[in-house]
Structures are given as structure tokens and as C-alpha cells.
Amino acid sequence: MKSRFLVPILTLGTIVLLVFAFFTFYQNKNEIVDRINPLMKMTYGYATLPPEVTYNGGKAYVEKSSQTQIPDNYVEPVYDKAGKKPHTLTFSGGQSPEGKNYGKLEHKGTYVKYLEFVSWDEIPKDLQKVMNKEYKK
């Protein structure tokens, strides 16, 4: 009678172990996997954003254009902690408002949930020491 339950229990245990191993070793590689990964937590990071955003693959914004203009993605280093190497994340957000050329991002690995435009004074002092005040490419 006991051997009847052994195969399903071992199969279920193997599946759970494989899922756990997948989420453990496949972090920071795929935005979709990071989004659903229960082993990762949401964190806040800060990035210096470019003063001018390009649209539709590198073109300048055209006022009163008949074509839809989609802002290009930012690909920027994001600082979570002062002593930690920054992540390079890809995210979208459009043109930053004047005086707010920095982004506060809520992210989980490579998945960026939220971008808020902030000023230099809103960035924690320990991160200001390691971030670029001016945009450098």
C-alpha cells in the first residue's frame, strides 16, 4: 500500500526541486522570469537619465507629426546600494521633465515595474556619491 504513493510523491518532489532550481539559477536573465520569481524581491534603484530622449529608433521628436512617435528605451546603469555594482536595465519612460533627469525605479532583477522622475536632491546621499550627476554615454 505504501509503494502506491511513493511514485507520485517522488515525482512531485522532483518537480518542486526543479522549479526551485530554475528560479534560483535563472535570475537576472529574463524579464518575464524575474517578474514571476517568488525568490526575488522588489527593490528601488536610481539612474541618471539622458537630457534628450530619441524616438522611433534614434530620431528627434517632431512637434505636430502625423506619425506615432514612440520613445526609445533607456538602457542605463541602475544603482541600488552604494557599494554594489550597478545593474544595466532596459526600461521606457519618455522624456524626463526639466529638472528631474534622474529615475527612481522599482525593479525585480531585469523587470522594471515603475519609473518615477526625480531630482538630484531626492536621491539618497550615499548613492549620490557613486552616481554620475551629469549624463555620460
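These values consider heavy atoms only, across backbone and side chains, with no hydrogens, waters or symmetry-generated copies. Note that the structure is predicted; figures quoted are calculated from it, not measured.
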Treating [X] as the side-chain partner and [Y] as the backbone partner, does any N or O pair qualify as donor plus acceptor under 3.5 Å?
X	Y	result
Y74	G94	yes
E76	L89	no
K108	N37	yes

Shared-cluster residues of W120, by chain and number - hydrophobic side chains joined below 4.5 Å: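 Grouped by the 4.5 Å side-chain rule, Y46, Y79, Y102, V118, I123, L127, V130, M131 form the rest of the cluster around W120.
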Look at the side-chain heavy atoms of Ile, Leu, Val, Met, Phe, Trp and Tyr, link any pair under 4.5 Å apart, and say whether L10 and V16 land in one connected group. no
Would M40 end up clustered with Y111 when hydrophobic side chains under 4.5 Å apart are linked, directly or stepwise?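 No, because M40 and Y111 fall into different hydrophobic clusters, even though each may have its own neighbours under 4.5 Å.
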Considering all heavy atoms of both residues, which atom of [X] and which atom of [Y] are nearest to each other, and what is their separation?
X	Y	result
A47	V78	CB-CG2, 4.0 Å
V53	P71	CG1-CB, 4.0 Å
T90	V112	O-CG2, 4.2 Å
N56	T68	ND2-O, 3.1 Å

Crowded around I36 CD1? As in, over 12 foreign heavy atoms under 6.0 Å?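 More than 12 within 6.0 Å, yes.
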Between [X] and [Y], is any side-chain donor less than 3.5 angstrom from a side-chain acceptor?
X	Y	value
D80	H107	yes
N132	T48	no
S96	N101	yes

To the nearest 0.5 Å, how far apart are CG in D34 and NZ in K113? 14.5 Å
How long is the straight-line distance from CZ of R35 back to OG1 of T110, given to the nearest 0.5 Å?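 Between T110 OG1 and R35 CZ, I get 11.5 Å after rounding to 0.5 Å.
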With K104 as the cation and Y44 as the aromatic partner, state whether NZ or CZ is under 6.0 Å from the six-membered ring centre and within 45° of the axis.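 Yes; both conditions hold, so K104 lies above the ring face of Y44.
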Could you tell me whether the side chain of Y55 reaches within less than 4.5 Å of the side chain of Q95, counting heavy atoms only?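 Q95 vs Y55: side chains touch.
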Passes side chain to side chain contact (heavy atoms under 4.5 Å, CB included), T88 versus V75? Steps please. CA-CA 7 Å; T88 299; V75 181; 3.8 Å; yes
Can you check side chain to side chain contact (heavy atoms under 4.5 Å, CB included) on K100 and E116, steps first, answer last? CA-CA 9 Å; K100 294 192 173 196; E116 177 184 352; over 6 Å; no
